[in-house]
Amino acid sequence: DTEVTQTPKHLVMGMTNKKSLKCEQHMGHRAMYWYKQKAKKPPELMFVYSYEKLSINESVPSRFSPECPNSSLLNLHLHALQPEDSALYLCASSQVEGRGNEQFFGPGTRLTVL
Amino acid sequence: GQSLEQPSEVTAVEGAIVQINCTYQTSGFYGLSWYQQHDGGAPTFLSYNALDGLEETGRFSSFLSRSDSYGYLLLQELQMKDSASYFCAVRDSGATNKLIFGTGTLLAVQP
């Protein structure tokens, strides 16, 4: 299984809502990532988990809260988002010390904040 | 800081060969990768060069010159399905698992 799955595919939420994005992989990867991508821009790293511990937080606002319940799952909890947070949210996984820079990406969650 | 520059758009016809360039500035270097992303899809790993020279994988090849801080992705026998965005990427010198992506090149293949 070389797939990273993400749910939901699409999400529309108001600025006062609380929602969660979910990501799962069964490749045995111990590094997992959240990226944010705006249209026509490269993916922008938000968080990295290594061995289920948060290793990188790219100064992301606290309205985004990551969680790694186990080595296969990664969540991103959303609260009090702003319209400018509307974007494609990508999850990825990789070996911690892997070949080159090979990361496996999920299909993303298209988030719209009203 | 670290930065990777790519042309924003490239257009080519089916069956042709196209080269997508990437120039980078990094404080340390651990190899150059390439990713493909179709519109609305996930980025997909294409290739990785740690050493100078050409790496070939089917219709796609990737080249690296560390002395010039330069690499390129070469796509041969272009097909319509190759229309996508292509990103080069390097590993951050201070963090093993952090990728820095290039600005991205949108390739349009025309019939």
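Letters A, B, ... are given to chains in the order of the sequence lines, protein chains preceding strands, and every chain is numbered from 1.
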Task: Within 45° cone of Tyr30(B) ring axis and under 6.0 Å: Arg91(B) NZ or CZ - done: yes
- [ ] List in chain and number order the residues that pass ring pair (Phe, Tyr, Trp, His ring centres under 6.0 Å) with Phe105(A), two or more places apart in sequence or in another chain; answer none if no residue qualifies.
- [x] Tyr35(A), Tyr35(B)
Task: Electrostatic pair Lys38(A)-Glu44(A), nearest N-O below 4.0 angstrom - done: no
Open item on the list: What part of Ser85(B) gets within 4.5 angstrom of chain A, counting heavy atoms only: side chain, backbone, both, or neither?
Closed with: neither
Task: Residue Ser50(A) versus chain B: region with a heavy atom under 4.5 Å - done: side chain
TODO: Could you have a look at Pro43(A), Gly108(A), Pro107(A), Ala92(A) and say which one has the most heavy-atom pairs with chain B under 4.5 angstrom?
DONE: Pro43(A)
TODO: Let me know if Gln37(A) has heavy atoms under 4.5 Å from chain B in its side chain, its backbone, both or neither.
DONE: side chain
- [ ] Establish whether Met46(A) and Leu88(A) are linked, either directly or via other cluster members, by ILVMFWY side-chain heavy-atom contacts under 4.5 Å.
- [x] no
